[in-house]
Amino acid sequence: MTILAEILAGLGLLFVGLKLLSSHLQQATGRGVRRLLRGATRSPVAGLLSGSLAGAATQSSNAVAIICGNLVRGGVLTTRDAIAVVAGGNVGTAALVFVAAFDFRLVVLYFLALVGFGFQFRLDRRPPGREWMGVALGLALALLGLDFIKQGPRALDPAALSALAGGLDVGLAPLVGFAAGLAAAALSQSSSTPTILVLALLQSGMMGLDTAFFVVVGANLGSGLATLIAAGGLEGTGRQLCYVHILVKGLGCLLMLALWGGVALAGADPEGGLAGLGGGQASVAISLLFLALQVAGAVPVAMARGWTEAVAIHFSPPTLEDGASRPRYIHDRALEAPATALDLSDREIRRLIQLLPTLLPDLDMAEAGGAGERLALWRGAAAIAAATDQFLSDLIGRAMERESLDIALGQQGLMELIRLLQDTLHDLAEVVESYDAVPQLAFNLSESLRTIVLSLADADNPDDYEVIAALTADRSELLNRIRRGLVGASLGSGEDARRLLLATSLFERATWLIRRIAVALRPAANDDKPGDQTVSAERKDIHAH
């Protein structure tokens with residue numbers, strides 16, 4: 001039981017450590033990793049190398065794929081650009097398997113002590129240091145977990161170990177070993193974790209090299225299939241890189257199995273050849289096998305990017321959301337020139353405002369797009385808004401002149417209002433679409449709000465914004481009368497009344513947000529226009545926040 005507990009504790013430490021390592025490293029490196037991956041698309045070789053570095057650092061090919069997926073969805077990269085990087089990410093994960101092949105216990109203990117002293121002396125008190133201390137802690141826990149996994153089986157009695165090992169070698173036929181590795185990788189969503197367990201079993205004598213070969217090959221394929229499980233309901237370009245993963249893993253397995261079978265058919269001993277490759281050390285041989293699996297799949301997939309992209313698009317064609325979620329104007333290179341960057345972000349903000357009417361259903365048009373299309377457009381607009389907000393945050397973090405900084409802060413405040421309005425319009429649309437037959441009040445609220453949003457999207461001069469400000473003036477008394485009427489009316493069910501009350505509250509909030517946006521967009525030269533001192537004051541208050 002102690003041996004099992006050590007192995008399970010080691011697995012737990014390994015999982016926690018890798019999670020901490022990946023998440024903190026992404027936070028610590030920030031946009032540096034994204035710039036590295038974006039700049040690595042000049043050639044397949046550059047993509048493979050940068051992806052390998054990212055995979056070795058994060059020890060997660062999924063993390064590399066997620067970063068690349070976000071860049072693809074944001075329009076910074078294409079699927080074709082990201083293929084070599086994702087393929088290289090798989091190669092980089094072999095570093096952990098090589099580390100596990102050697103005895104490093106003393107190094108791990110000293111390293112863990114250093115990390116503990118670092119926390120004791122508060123090296124994590126500032127944000128950058130906090131992230132790097134998280135990286136160090138994650139690495140220390142992962143290495144400690146590896147040591148637990150390796151040390152556990154060594155405590156077994158040698159005689160019992162030998163008998164058990166013989167039983168395992170007989171029981172695990174090639175197909176059974178392959179299936180066991182595939183299942184273990186699918187459950188752990190990792191090919192390196194089952195491979196590390198195989199290393200521990202090899203070093204303890206519980207498994208032979210021929211059985212280990214098929215378990216590792218099966219684990220390699222299983223981790224590729226696991227990406228589809230992790231992808232969940234992801235569709236379009238977000239899912240295409242999952243198929244790139246599967247191609248890398250599947251092609252590597254196919255080539256290694258073909259080589260193993262070819263050597264056997266030629267009358268040679270493939271197990272002996274694998275052992276000789278590792279210089280007689282089974283753990284080194286399996287580490288080299290793991291690396292060969294990744295390289296054998298990554299290189300052809302990266303070099304044949306056109307074919308790989310065609311396969312990925314065939315299995316996961318682009319969706320409406322993909323086209324709607326890509327910023328049209330902003331890009332990272334513009335951050336070097338603040339004046340240009342502010343102009344581009346302003347254009348992106350104007351585009352987001354023009355997309356607002358698509359977030360509400362057109363109840364007068366029976367043939368208009370359904371709820372699924374509107375949901376895709378809302379997700380796309382939300383992705384553009386998040387990218388624009390991040391762009392402005394990065395811009396504000398740079399040294400700018402006071403005037404440019406004021407403009408950037410004003411745009412950031414406007415972006416917050418737009419994102420709130422996006423969510424409010426989406427919530428109202430969901431309430432309206434929840435009815436089989438839309439009640440007249442819900443119909444009127446939705447269509448009235450859609451008219452106001454259309455006016456905001458079409459506004460291009462000060463008079464237009466004055467009209468919108470008038471249309472969205474305080475209607476709280478009218479809405480309160482509507483609410484009181486709903487409470488006293490017979491609507492068939494309490495659920496109907498609840499939904500209508502929610503619709504009126506969302507309508508009120510949306511008009512409030514639209515008014516604030518219109519005030520923020522009003523040209524500053526009209527702030528002192530007689531007769532609208534309230535609007536002028538509201539606009540100044542918005543920019544103050």
Would a 4.5 Å heavy-atom cut-off, applied to side chains only, mark [X] and [Y] as touching?
{"X": "D343", "Y": "Y329", "value": "no"}
{"X": "R347", "Y": "I330", "value": "no"}
{"X": "I514", "Y": "L356", "value": "no"}
{"X": "R350", "Y": "L521", "value": "yes"}
{"X": "L377", "Y": "L355", "value": "no"}

D389: salt bridge (Lys or Arg N to Asp or Glu O under 4.0 Å) partners, not counting sequence neighbours: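 Scan of D389 (salt bridge (Lys or Arg N to Asp or Glu O under 4.0 Å), adjacent residues dropped) gives R419.
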Qualifying residues under salt bridge (Lys or Arg N to Asp or Glu O under 4.0 Å), relative to E430, sequence neighbours excluded: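 Expected list: none.
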Counting only pairs under 3.5 Å, give me each side-chain donor-acceptor contact of residues 242-250, with atom names and distances, residues two or more places apart or in other chains.
from: H245; atom 1: ND1; to: N90; atom 2: OD1; distance (Å): 3.4
from: K249; atom 1: NZ; to: N90; atom 2: OD1; distance (Å): 3.4
from: K249; atom 1: NZ; to: S191; atom 2: OG; distance (Å): 3.4
from: K249; atom 1: NZ; to: N220; atom 2: OD1; distance (Å): 3.4
from: K249; atom 1: NZ; to: Q294; atom 2: OE1; distance (Å): 2.9

Residue pair R398, D394: steps toward the salt bridge (Lys or Arg N to Asp or Glu O under 4.0 Å) verdict: CA-CA 7 Å; R398 295 171 177 250; D394 292 340; over 6 Å; no
From L335 atom CG to L392 atom CG, the distance as rounded to the nearest 0.5 Å: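 If we round to the nearest 0.5 Å, L335:CG and L392:CG are 9.5 Å apart.
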Approximate separation, where rounding is to 0.5 Å, of L502 CG and D427 CG: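 Interatomic distance, L502 CG to D427 CG, rounded to 0.5 Å: 7.5 Å.
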Salt-bridge criterion met for R402 and D406 (N-O under 4.0 Å):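 D406 and R402: salt-bridged.
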SB check E348 R351 (cutoff 4.0 Å):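 Salt bridge between E348 and R351, a charged N being under 4.0 Å from a carboxylate O: yes.
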Member of T358, L359, L363 meeting the side chain to side chain contact (heavy atoms under 4.5 Å, CB included) criterion with P361: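 Answer to the side chain to side chain contact (heavy atoms under 4.5 Å, CB included) test with P361 among T358, L359, L363: L363.
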Pairs flagged by salt bridge (Lys or Arg N to Asp or Glu O under 4.0 Å) wherever residues 82-93 is involved - sequence neighbours left out: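 Not a single pair qualifies under salt bridge (Lys or Arg N to Asp or Glu O under 4.0 Å).
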T79-Q240 side chain donor-acceptor pair, cut-off 3.5 Å: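 Looking only at side-chain atoms, Q240 and T79 do form a donor-acceptor pair, the distance falling under 3.5 Å.
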With sequence neighbours excluded, residues passing side chain to side chain donor-acceptor pair (under 3.5 Å) with T451: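 T451: no side chain to side chain donor-acceptor pair (under 3.5 Å) contacts found.
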[X] and [Y]: which non-hydrogen atoms are nearest, and at how many Å?
{"X": "T388", "Y": "S345", "answer": "CG2-O, 4.5 Å"}
{"X": "D464", "Y": "D458", "answer": "OD2-O, 4.3 Å"}
{"X": "A503", "Y": "V431", "answer": "CB-CG1, 4.2 Å"}
{"X": "I396", "Y": "A408", "answer": "CG1-CB, 3.8 Å"}
{"X": "A520", "Y": "L414", "answer": "CB-CD1, 4.0 Å"}
{"X": "A470", "Y": "R515", "answer": "N-NH1, 4.4 Å"}

Qualifying ring pair (Phe, Tyr, Trp, His ring centres under 6.0 Å) pairs with a residue from residues 415-468, counting only residues at least two apart or across chains: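 Sorted result for residues 415-468: W378-H426.
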